[in-house]
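What follows is one structure encoded as structure tokens, with my remarks underneath.
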Protein chains: 4
Amino acid sequence: MSLTKKQQLLDAALNLFIQQGIQATATAKIAKAAGVANGTLFHHFASKQALVEALHLNIKEEMAQAMTPPDPNLPLREQMIHLWQAAIRWGLSHPQKFQFLRQLANDPQYPLSQQHAMLSLALPLLPQLIKQGQKAGILADWPQALILNTCHSQFLSTVSLFTEQPELAKDPTYQQAAFDILWYGMAHR
Amino acid sequence: MSLTKKQQLLDAALNLFIQQGIQATATAKIAKAAGVANGTLFHHFASKQALVEALHLNIKEEMAQAMTPPDPNLPLREQMIHLWQAAIRWGLSHPQKFQFLRQLANDPQYPLSQQHAMLSLALPLLPQLIKQGQKAGILADWPQALILNTCHSQFLSTVSLFTEQPELAKDPTYQQAAFDILWYGMAHR
Amino acid sequence: MSLTKKQQLLDAALNLFIQQGIQATATAKIAKAAGVANGTLFHHFASKQALVEALHLNIKEEMAQAMTPPDPNLPLREQMIHLWQAAIRWGLSHPQKFQFLRQLANDPQYPLSQQHAMLSLALPLLPQLIKQGQKAGILADWPQALILNTCHSQFLSTVSLFTEQPELAKDPTYQQAAFDILWYGMAHR
Amino acid sequence: MSLTKKQQLLDAALNLFIQQGIQATATAKIAKAAGVANGTLFHHFASKQALVEALHLNIKEEMAQAMTPPDPNLPLREQMIHLWQAAIRWGLSHPQKFQFLRQLANDPQYPLSQQHAMLSLALPLLPQLIKQGQKAGILADWPQALILNTCHSQFLSTVSLFTEQPELAKDPTYQQAAFDILWYGMAHR
DNA sequence: GATGAATGAGCTTTCATTCAT
DNA sequence: CATGAATGAAAGCTCATTCAT
């Protein structure tokens, strides 16, 4: 039962964290929602903080696995579309986990997990691709930080928008449009 | 002295909220930081929640005042640049207040203040301008929600980036670049 | 205005005390209900305790004035009826003040004002009358404390009953019955 | 050991409540008097209010168990004496619990537990007996409410008197006298 | 007299964590 | 492994009282 209960705790925690916030969720409520005893939580996790970190790690790993690398022989734009679609797809099919990552990224209590941590996680190949694109004269010659920042924010806000308004997500036109806004924005003119 | 102490409380609260988070900041610490007694906080604010809301309101009003409307006779692009610069300027010169707004927008405890609340606050004229631009064939014909979402996220992330890396903010090229990414992204092709 | 505000405070206090209890009523609420400032209460009364005592004293004096002594030439039973009716009448026409006296009498915080304090207040002549009655063989020869106790309790409970069920109070038969139960109970057989 | 601590808390609470009043007794003092930690009180009782209600319920049940029903074949007067003695005996042997019931009955904060709740608890059979007595012409034909009220108040005041003056309680004459006052008061003439 | 901002001790309640079973 | 009673520090909030104006 051990693995089961540990997983039940993680599931219950995720569920409560995104509803009420991390701080506002008492460990006792997590245990109750998981159907285990109060002390069992501390049997599997040294502290509430450790539980949060374990959950964070789990989700990061799961997301990383979903991000298959693009075929390097494809044109740059196609490679980027591949990354973009994989990231968006994961965000839309795991809205709770996605929101948890957002929450952590904005929580002053967990400053280690900066915004960029999430980006580099979702799109670890992006920096190289951008550099390639700039060298090849396909992308505009602005600072990396600015371009990465834009990619990141467009990714986050697109998933959020599509999660809130699922009817938009259903139309593939808009999925494409979200990428095009980004692409034409950073393309060289 | 009433106004003084009330303001001291708001100042201390803002300072602590963005350092430690809202929940993690005890009312007693706010009072201490403000140099007043514990009960004084509750003399001026009915509850911690009321203090947060008062602070929120103050900042929103202050930001709204900073957002001067553009000259409607200017070309669309110039009007948008006007808005963009006013918003960025305010964000950069009030980094704490800006961060507080971000925090609230992402806090599941204060769901009323959605992301879009902040946007419509900073750029209340934007929806009309976009509609005009689409009618005139200047902007691409994507759903309003998508374009607004992009503007919003680019605004937030640009202020954050420039606040974290002030050397970027100093170069007016990059301020312009951040707007151009947005503009060429949503411009009609 | 001084007398007025002081009286307003006493009135407001009485009203709130019987609704919520003495302890549960904050001085600030009394002041607000009286339409005066917070500090004004302490201008007229040294402390909350002093306010309670002043109210108590006022009510006791008012009640004492309403208790006109019976004609000593009347038969014993008529004298007792006189006292009984005066007491009941006062209780029914001042239900709030009556209830306040009850509350104080049962409050462990104000132990000075025992049950008997209220009795001797309402019916100061009663002990003598009882003694006379016993000497004359009209009343049973039980201990004074027992008879006084019975009179007292029948008085309190009758006013309470009639206040709760005003339709009973309207029928003079029942007013008389309440006295008769008492009288035949303690009469000599 | 759970039952032990829970009971210790109830005992300590009863003791302090009747000395200082319910409101005036801090939960921290109850915990200290019970020899447990502050939080333990709230582990067993959801709130102070819940503790009060649990205590109330406990005492009511205990009292109800002590009230053995009379033999219905006995004459009416004997049945009433049986009830009277059982009630008085319980009140005298549990003075704290009796006083707590009185306190609650008079506390405007707990209005549900009216005076009559206590009576019907102590003497649940009384209403029927009275009706029987009136039909048989043994008891006077006054409204039930009036007679019940008298019984109730005589019961309460007798226990109080005997508790305050234990020397009276020792003389069985006076126990009988207290009942006789009641009986002759309501007997048909 | 009258005001109401200011105080700080004290209240009820919460909660992460421990530990004997 | 699992439990849940027990802990006590700390939280948000209340309130009688003071005092400068």
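Note: hydrogens, waters and symmetry copies are ignored here, and every other heavy atom, side chains too, is used. Everything quoted here is computed from the prediction, not taken from an experiment.
Residues C:Leu10 and C:Gln7 are in side-chain contact: their nearest non-hydrogen atoms beyond the backbone lie under 4.5 Å apart. In this structure the side chain of D:Leu55 reaches within 4.5 angstrom of the side chain of D:Ile59, judged on heavy atoms. Using a 4.5 Å heavy-atom cutoff, the side chains of A:Glu53 and A:Phe45 are not in contact.
In this structure, D:Lys5 reaches the F:dT7 phosphate: one of its side-chain N or O atoms is under 4.0 Å from OP1 or OP2. Remark: B:Lys29 is not in phosphate contact with F:dA10, judged by side-chain N or O atoms under 4.0 Å from OP1 or OP2.
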If you write DNA chain E from 5' to 3' in dot-bracket form, with Watson-Crick or G-U pairs under 3.5 Å, [ ] for crossing pairs and | for pairs with another strand, what do you get?
.||||||||||||||||||||
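B:Gln109 places a side-chain N or O within donor-acceptor distance of the main-chain N or O of A:Gln20, the cut-off being under 3.5 Å.
Positionally, the nearest nucleotide of DNA chain E for C:His43 lies more toward the 5' end than for the other of B:Val36 and C:His43.
In this structure, C:Lys32 places its NZ atom 13 Å from P of F:dC15, rounding to the nearest Å.
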Spell out protein contact along nucleotides 16-21 of chain E as letters: B when the base is contacted, S when just the sugar-phosphate is, - when no protein heavy atom is under 4.0 Å; keep the 5' to 3' order.
BBB---
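D:Lys97 pairs by the salt bridge (Lys or Arg N to Asp or Glu O under 4.0 Å) definition with D:Glu62, not counting sequence neighbours.
Note: A:Phe100 and A:His56 have perpendicular aromatic rings, judged against thresholds of 30 and 60 degrees for the angle between ring planes.
Considering CG of C:Leu51 and OG1 of C:Thr27, their distance stands at 9.0 Å, rounded to 0.5 Å.
Here the side chain of B:Thr40 is nearest to one of F:dT3, E:dA6, E:dA2, namely E:dA6.
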